Structures are given as C-alpha cells and as structure tokens.
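Values below: every heavy atom of this structure, side chains too, minus hydrogens, waters and symmetry copies. All figures in this text were calculated on a predicted structure; none of them were measured in a lab. Atoms within each ligand, like the ligands themselves, are counted from 1 in listed order. Numbers here are sequence positions counted from 1.
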Amino acid sequence: MQRNADSKHCVGEVAPNLKTAIPGPRSVELLEVLARHECPAITARRARRRGESGVSQDPIVWKSGSGSTIEDVDGNLYLDFTAAFAVSSYGHAHPELQEALHEQSRQLMHGMGDVYPTDVKIRYTEALSDFLPGGLSQSIFGQSGADAVEAALKSAVMHSGRQRVVAFEASYHGMSLGALSVSAYKGSFKAPFSGLIAQQVTHAPYPYCYRCPFKSTYPGCGLACLEYFEHLVSHPAAGSEEAGAVILEPIQGRGGVIVPPVEWLVGVRKICEERGLVLIFDEIYTGFGRTGRRFAMEHFGVVPDLVCLGKGMTGGFPMSAAVGTAEVMSSWGTSAGEAIHTSTFLGNPMGCAVGLKAIEIFRRDDLAARSTAMGEILERKLLDLKERYPALIGEVRGLGLMRGVELVDTEGRPNGKLSLELMRRMLEKGVLILPSGVWGQVVTFTPPLVVEEEQIERMYAILLEALTELV
Ligand SMILES: Cc1ncc(COP(=O)(O)O)c(C=O)c1O
C-alpha cells in the first residue's frame, strides 16, 4: 500500500466512512463565485443538472483525492467510480507521478515544441512506441484528446490525399471543430456551429447490438452493419466512395460502453486495407488498461494505421498523442520551412515525464491484469443486479474496468431518467458515477485501475440500496 505524502488516506485503501453533508456550505459558496466568473455554457449545464436531479450538492467541489477516493471542500468523502472521466487510472494523486512531475518541473517546465526537443520528450516517444502494438511508432503530441484526433485526421488526409472521413453513429471524439465533425454523439453539440463543421464526413451505424439499427440479432444477423459499411465506402451512389480515412472507437465510451463483435472490427480492418482507407482508432478512453488490455485493439487482434491516446496516458497531466505507422507519418513529407502542424506546448516536458513514469508504473504493477481481475468482480456484481432487477436492466456490458448497465423502462426504451436519479442517490450516499449513452441511459463504472475489491463491494452495496429505494 502506498501512502501519499500529504494525504489522509492511502492509495488503494478502502474508502474510510463515507460522509456526505447535504448541502455542503463551502461548495455552495464557491459555486456562487464560479457562476459569476465561468462561461455560462458550463455553469448553466450544472444548474440544469441540479434542477433535474434534485441533488442539493450537485455539483460538489473537489479538493483532494487519493487512490479511488475524493474529498470535497466540505470534508465529505466519496468513492470515485469515474476516475474523473477515466483519466485517473493509477489512482488520484499517485505519489510517484507527483514526484516525476516535481522532479521535471525543477529541471524544465516548458520546452520548444518542434524547434528544440527536450531529452524527456525524446525518451517518451520511444517508450510510447515500445508500449504500443504493431508498427505504431511515430507520435504527434497534444494536450487534449481532441488535439490527438485533429492530428490523426490530418495525418490520414496527408497520407491518403483524400478528405472524406467515415465515422460512426454515437461516436465521441472531442469538441474541437475537426473532432466534433467526426463525432456523432449529439446533434445539439454541432448545430450552433454547423457552418464550421466539416461536411465531408459520413456516419455509419456502429454495432450497438442491444439496439441494432437493422433490427437483427447477433450473430444471426450476418453482420449487416459491416455489410452496410462496405456498401458505404464502395458503392458509387452511397456518397463515401472517395473517403480516405475511417475513425472509430474500438469500444464506444461516451456512446454507452458498446463492445462490437470481434468479426466486425476485423472486417472493418480488412475493408480498409482493400480500399486503401487509413484506419484510425480513438483509444483515448479505452487505452492504457481501461478494458483489461493495454489497448482495446488487443481484444480484437487488429492494429490500425493511427491511434489516438489521451486520458490514462498520464493519469492526470493534460497530454495526448496521435501515433501512427512510419508509412503514414512519412506522408507529412519534408518541411518547406515551417512545420505545418505543431503547437506551443507540443511534447511538454512535464507531461512527458509523467507519461514515462505512468508507463513504468503500468508495467511494474501490471495494471492491465488488475483491470481484468477487478473488472470481473465488478461484472459479477452488476450481473447480480440485473438478476435482481431484470425489468429495469436491459444489458450489462463492457470489459475490464469499463462497464455499463443499460437501464430500460417498462417498454424496453432507454431510461435516462432512472439513470440520472440513480446517479443522484449514489452521490448522496458517497459514490461518484457517470451516465453514458446518447439518452444518458447507461450507468457507467470506470474506477481507477487500482480500485480494491472491498471498494467494489462497498460501491455495490450502495448501488443496490439506491436502486431499491428508487423502485
Ligand atoms: C473516445 C474519446 N475521444 C476523444 C475524447 C476527447 O478528449 P478530450 O476531452 O481530452 O479532448 C474523449 C473524451 O471523453 C473520448 O472519450
């Protein structure tokens, strides 16, 4: 067990007695300040959510974290089953990551991107390449997941010489304009900016077998979605014949923890190869052990031409990368004077130092195996819940420590309302979870990979209690 230098609890420790004061006076006070000074696009959403969920202390204001627990400014403790958007995979405030950050910041906080690389950036590019499967060996760094998606899309266009991209329904790739163009999670995210959204994107159905858009059932369906994808990229009248790239999440995250059949992804890879399409995997959510393997692609035995990384890459320092094969990345060509894709903070030395340490911890503590083992325990609990409440739970799905429970109403329709109410009850009882799915109908569990079995049991007892109270 590792003790944090200046924290009250231990990494990996079972959450101490969860206590949640309602409402938290310090949280309320700080949120009033925030409401005056933060862009209302963000604050208004919180207020709406508070109205909808009826949670007096939603949101809470985070102050510190340790392992799988969070403390708010009112001294309340929470079990974190979100890993803060699936980022804090190594546990909150991991002492070794902190030390790597401190050490690097003492030496150099900022480098000169593409002009004068730092030694730590060079070491990190090599370590990432060693960590990734296949020939994924050349990186472009960014600060957010969306940055990585932009860099991957540009690399694919440089390689194929074609600008149309095929993406998938319910996909989420980020909020910058290029990433938003290929996302299809919610139309409302794009509508106000429609003139700035790339038009050369086609969205194909993702194999969301639980609600198959073809009204078929796997495996008897013969993978109609794959056939349709092939039709889209090959039929002269389907509008995507001239596509140069395909971007997809090997397991959809925000779209609702959707795991496609293995043959589907294998088939997509084959079609891309046959048609000279650059295949991009967005593993920003699924990478770095989230699904029980280093990368979700390993469940399918498929390697893309480019992969997007972020979130669990550093466990908290804003850092991302698009990593491609030498063949694809060489298509950027030689410079005509200035780099045509770069950024001020490209390969920030602190991010690289934390990323390097994260890889070391990942290997040493075998976090992929831990994700598998804890994920199986979590899955058993969620299946138990489904057995107890078969009318409310349509499906339990996911891999490793990325699990989702699809809630349904009496007609079997997506039940986003119940999911929100459940989230609210859980928050009041000291457990943080998030919804996913385009209707918010999937209760999602993505704890830090260092979560303990006792913490899963604790969370489950609270989940059961909360659901029982609601129905
Ligand atoms: C699969 C996927 N891609 C891209 C992004 C965007 O990452 P960021 O919010 O860091 O820009 C996310 C964020 O949730 C994601 O889940």
- Report yes or no: is the cationic atom of Lys311 (NZ for Lys, CZ for Arg) under 6.0 Å from the centre of the six-membered ring of Tyr285, at an angle within 45° of the ring normal?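 Yes, cation above the ring, under 6.0 Å and within 45°.
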
- Message: Distance alone, cut at 3.5 Å: any donor-acceptor contact between the side chains of Glu283 and Thr286?
- Response: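 The answer is yes; a qualifying pair exists.
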
- Modelled atom types, side-chain donor and acceptor of Thr69 and His92, under 3.5 Å: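 Short answer, no.
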
- Query: Can you pull the salt bridge (charged side-chain N to carboxylate O under 4.0 Å, His left out) pairs that have at least one residue in residues 146-165, sequence neighbours excluded?
  - Reply: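 Checked against salt bridge (charged side-chain N to carboxylate O under 4.0 Å, His left out) - neighbours excluded - the pairs reaching residues 146-165 are Arg164-Glu242.
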
N/O contact list for ligand 1, threshold under 3.5 Å:
{"residue": "ligand 1", "atom": "3 (N)", "partner": "Tyr172", "partner atom": "O", "Å": "3.2"}
{"residue": "ligand 1", "atom": "3 (N)", "partner": "Asp282", "partner atom": "OD1", "Å": "3.3"}
{"residue": "ligand 1", "atom": "3 (N)", "partner": "Asp282", "partner atom": "OD2", "Å": "2.6"}
{"residue": "ligand 1", "atom": "10 (O)", "partner": "Gly145", "partner atom": "N", "Å": "2.8"}
{"residue": "ligand 1", "atom": "11 (O)", "partner": "Gly145", "partner atom": "N", "Å": "3.3"}
{"residue": "ligand 1", "atom": "11 (O)", "partner": "Ala146", "partner atom": "N", "Å": "2.8"}
{"residue": "ligand 1", "atom": "14 (O)", "partner": "Lys311", "partner atom": "NZ", "Å": "2.9"}

Pairs under 3.5 angstrom only: tabulate donor-acceptor contacts from the side chains of residues 256-264 to other protein residues two or more places apart or in another chain.
{"residue": "Glu263", "atom": "OE1", "partner": "Tyr218", "partner atom": "OH", "Å": "2.9"}
{"residue": "Glu263", "atom": "OE2", "partner": "Tyr218", "partner atom": "OH", "Å": "2.7"}

- Task: Please list all pairs passing the ring pair (Phe, Tyr, Trp, His ring centres under 6.0 Å) test where one or both residues lie in residues 413-438, with sequence neighbours left out.
- Result: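 Applying ring pair (Phe, Tyr, Trp, His ring centres under 6.0 Å) to every pair that reaches into residues 413-438, excluding sequence neighbours, yields nothing.
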
